[in-house]
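Chain letters run A, B, ... following the sequence lines, proteins first, then strands; residues in each count from 1. These numbers come from the heavy atoms of this one structure, side chains and all, not from hydrogens, waters or symmetry mates.
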Amino acid sequence: MKLAKLATIGAALAVASSVVSTAAVADLVFPSLSYRTGPYAVNGIPFADGYADYMTLVNERDGGIGGVKIKLIECETGYNTEKGVECYESTKGEGSLVYQPLSTGITYQLIPKATADGIPVHSMGYGRTSAANGKIFSHIFNYPANYWNGASLAINHILAENGDDIKGKKIALVYHNSAYGKEPIRTLEELAKKHGYTFTGIPVDHPGQEQKSQWLQIRRERPDYVLMWGWGVMNQVAIQEAANIRYPMDQFIGIWWSGSENDVLPTGDKANGYKALTFHGTGSDFPVYADIQKHVVDAGKAAGNGDQVGTVLYSRGMYAAMLAVEAARTAQEIHGATELTPAQMRDGMEALEMTEAKMAALGLPGFGPEFSVSCDNHGGPGLGAVQQWDAAAKKWTMVSDFGPSDMEVIQALIDEDSSAFAAENKIEERKCG
Amino acid sequence: MSANFLYTIEVILNGLMAGVMYSLVALGFVLIFKASGIFNYAQGVMALFAAMTLVGIQQGQVPFAHLINAAFGTKIHHFGWTVPALMAILLTLVVMILFAILVERIVLKHLVNQEPIILFMATIGLAYFMEGMGDLMWGSELKTLDIGLPSGGSLWLEEATVGWGAEGSGFYGLFIDKLDIVATGVALALVISLTLFSQYTKTGRALRAVADDHQAALSVGISLRKIWVIVWAIAGFVAMVAGIMWGAKSGVQFSLSLIALKALPVLILGGFTSIPGAIIGGLIIGVGEKLFEFSIGPMIGGATENWFAYVLALVFLIFRPQGLFGDKIIERV
């Protein structure tokens with residue numbers, strides 16, 4: 001009798017656990033490694049809100065992806081690499097489909113781990129640039145643009161402003177003294193050889209609250225253009241110091257992580273004309289924002305209080321979520337399944353194609369460049385644009401179309417760096433096509 | 001004059017100004033350490049909290065709006081008014097005094113006679129609590145601080161000195177940020193008023209007595225608890241000033257709490273118990289790190305300031321372990 005009871009309880013537990021595990025698998029799990037605390041929270045919050053709100057929109061408006069609901073797991077990293085790895089380890093068992101670490105440091109740590117675990121990582125506009133080589137980095141994606149594209153896009157913009165001749169010009173790079181900030185240096189040095197400009201790198205230590213020495217150096221040397229690879233408070237202080245020494249703002253160009261409203265607002269009117277690169281649209285004049293307002297913000301389901309909708313970093317978080325959702329949709333089509341595994345998600349990311357028609361249907365016409373991902377190219381086409389700050393209107397305006405970067409120089413660097421990585425880690429190159 | 005010589009002068013001047021900014025933060029540490037022997041880990045967060053409160057009050061923000069909205073389903077964020085800068089500063093001061101009273105009542109009162117390390121640990125807890133409380137009260141988004149402080153290079157100085165450079169040297173005149181000039185004036189006024197307060201007022205003398213010997217001060221009827229409230233309130237005021245000066249540059253955000261890192265080498269160098277030491281230490285660190293970055297930095301890749309400040313402080317420590325102006329500790333057995 002006792003045995004029979006135990007067997008019944010055991011069977012019931014087995015059924016219950018299978019139901020629970022089915023329920024867990026039934027959700028499409030998207031972890032969000034966010035930072036809502038710490039020195040970089042000011043930028044981490046709008047990005048995380050944009051990512052979460054788009055996922056909520058897909059659940060509320062469309063009933064999920066292919067009828068399967070999205071489950072978002074948020075884990076706080078504080079922009080700390082160790083915490084980021086802990087977040088990865090604690091969430092990967094939940095059926096996580098793709099990681100977006102929002103930190104170059106965390107991305108570097110996750111490259112070997114996620115590859116070994118068979119989970120894709122999408123470092124959109126950050127991370128290890130040579131991960132664009134899909135033949136070496138099978139699970140790492142950095143479409144639609146990377147730092148080396150960014151460096152080249154900035155130089156292209158300067159070329160366009162100077163009739164394609166910048167020989168003898170002085171270009172300085174003010175950069176966050178970290179793996180992230182140092183990423184563009186090699187590209188800028190290579191481009192200096194090609195175009196004949198003089199390059200100077202000026203590092204700023206974390207967090208970058210005191211930059212007097214750096215800007216006195218710029219005042220002394222008077223470079224024709226200053227580029228910036230900054231993040232967090234470093235951006236605000238740099239723009240303020242540039243205004244203090246009356247450096248021409250339209251000759252000061254930041255990477256996309258140095259081009260949010262947060263970066264320019266503290267400097268007020270003096271920030272007028274500052275430029276920054278971008279790989280997606282700006283402003284809230286896209287139909288998707290009306291949907292977010294209706295289905296997410298007004299319904300009281302927004303991750304934040306709704307006042308960040310349409311800002312640069314919110315839009316970028318939303319864009320990252322949209323690309324993840326479309327990759328999942330692609331994976332569902334490829335595999336003829338609604339529930340996905342990380343391996344299937346990876347396939348979806350590798351076959352992702354973003355056309356203008358698709359973006360228009362999603363309520364984002366002209367929001368980003370058209371691009372497709374392939375087995376050997378995980379970085380996309382490297383297209384980008386330049387936006388400029390209008391201090392009076394307190395908004396960014398696009399001042400260029402999405403243009404190409406110098407892939408002749410960049411591809412050689414990607415091949416060299418990824419080959420070195422493959423040799424160092426004994427990775428065999430995948431066959432593509 | 002050669003351009004290089006003039007640039008060196010410019011670097012020294014800007015180093016002095018930067019040093020004053022570091023001293024503003026260091027002063028708060030010194031005040032509390034001097035009166036209570038506590039190394040207040042929360043001093044940087046106090047600067048952040050004060051600056052957040054100032055902006056919140058000035059812009060008519062509803063405190064705890066997120067919490068209220070989440071609890072009651074409302075959507076209130078602002079009262080719909082703005083407060084003049086001076087009034088907002090005074091109201092912030094009131095908040096910092098209330099904060100001092102609460103710290104004494106809730107934390108310090110229960111830790112009398114405990115080891116300094118226990119009190120230090122308590123301030124670590126206080127720092128984390130205040131970080132969270134600040135975010136909860138005022139939100140964690142970046143806030144723009146505008147109380148009418150000037151900013152930008154002094155045009156007058158540039159024009160007056162542009163002729164000093166030799167012909168064709170490309171010298172543009174000496175650069176000094178107007179905000180730094182204001183900060184220097186404020187720091188001077190702070191030091192003078194704090195010195196006058198401690199020398200010529202009854203409370204100031206009581207404060208010094210407590211700093212010299214807690215037990216002796218208690219035996220002559222000085223209330224230790226009252227003195228602690230006063231000291232923490234003054235440190236709160238100094239934190240507010242530091243928060244304003246630094247926040248005017250970068251906006252008010254979490255990173256403001258990290259300015260404490262800039263004060264540590266100043267304290268090591270100037271001594272933990274000397275107000276003039278905080279100023280002189282700040283000036284030495286400011287000039288030292290800027291000169292090193294200017295002369296040696298380019299040869300070794302730059303970004304030397306953060307670590308050089310500590311190296312400089314450690315060099316002083318070898319010769320004067322108590323800091324330049326700190327009290328020498330003599331223990332007799």
Could you go step by step and tell me if A:R220 and B:Y172 meet the side-chain contact (heavy atoms from CB on, under 4.5 Å) rule?
CA-CA 8 Å; A:R220 284 193 300 271; B:Y172 304 101; over 6 Å; no
State whether the number of non-hydrogen atoms from other residues, nucleotides or ligands found under 6.0 Å of A:K301 atom NZ is greater than 12.
no
What part of B:E131 gets within 4.5 angstrom of chain A, counting heavy atoms only: side chain, backbone, both, or neither?
neither
Heavy-atom closest pair, residues B:G301 and A:P203:
O-CG, 3.1 Å
Within residues 247-254 of chain B, contacts to chain A at heavy-atom distances under 4.5 Å involve B:A248, B:K249, B:S250, B:G251, B:Q253, B:F254
Rounding to 0.5 Å, atoms CZ (B:F308) and CG (A:D205) come to a distance of 14.0 Å
Side-chain contact test, heavy atoms from C-beta onward, threshold under 4.5 Å: evaluate it for A:Q236 versus B:T144 and give yes or no.
no
Those residues of residues 2-15 of chain B, ordered by number, that approach chain A below 4.5 Å (heavy atom to heavy atom):
B:Y7, B:E10, B:V11, B:N14
Which bit of B:F171 is near chain A, if near means a heavy-atom gap under 4.5 Å: side chain, backbone, both or neither?
neither
Any chance OH of B:Y128 has more than 12 other-residue heavy atoms, nucleotides or ligands included, within less than 6.0 Å?
no
Given heavy-atom pairs under 4.5 angstrom as the criterion, report whether the side chain, backbone, both or neither of A:Q214 touches chain B.
side chain
Just verifying a value: how many Å separate A:D307 CG and B:E141 CD, rounded to the nearest 0.5 Å?
6.5 Å
Is B:D180 in contact with chain A via its backbone, its side chain, both, or neither, using a 4.5 Å heavy-atom distance?
side chain
Any heavy-atom pair between the side chains of A:Q217 and B:F294 that's under 4.5 Å?
no
Just checking A:E82: does its CD atom have more than 12 heavy atoms from other residues, nucleotides or ligands closer to it than 6.0 angstrom?
no
Please identify, among A:Q240, A:K270, A:R222, the residue contributing the most non-hydrogen atom pairs under 4.5 Å to chain B.
A:R222
What are the two closest non-hydrogen atoms of B:F175 and A:N244, and how far apart are they?
CE1-O, 3.4 Å
Is any side-chain N of the basic residue among A:E210 and B:K290 closer than 4.0 Å to the acidic one's carboxylate O?
yes
Name the region of A:E261, side chain, backbone, both or neither, that has any atom closer than 4.5 Å to a heavy atom of chain B.
neither
Side-chain donor-acceptor contact under 3.5 Å, B:S255 with A:Q209:
no
So, for B:E305 and A:S213, which heavy atoms are closest and what is the spacing to 0.1 Å?
OE2-OG, 3.1 Å
Might you confirm whether atom CH2 of B:W156 has over 12 heavy atoms from other residues, nucleotides or ligands at distances under 6.0 Å?
no
Neighbours of chain B found in residues 42-57 of chain A - heavy atoms under 4.5 Å
A:V42, A:I45
Looking at A:N235, A:D263, A:I239, A:I245, which one has more heavy-atom pairs under 4.5 Å with chain B than the rest?
A:I245
With a 4.5 angstrom heavy-atom cut-off, which part of B:K262 approaches chain A: side chain, backbone, both or neither?
side chain
Can you name the residues of residues 388-396 of chain A that have some heavy atom under 4.5 Å away from a heavy atom in chain B?
none
Between B:D177 and A:K212, is any pair of side-chain heavy atoms under 4.5 Å apart?
yes
Does any heavy atom of chain A fall under 4.5 Å from the side chain of B:L145, the backbone, both, or neither of them?
neither
B:L179 portion near chain A, given a 4.5 angstrom heavy-atom threshold
neither
Hey, is A:R36 close enough to B:D135 for a salt bridge, meaning N to O under 4.0 Å?
no
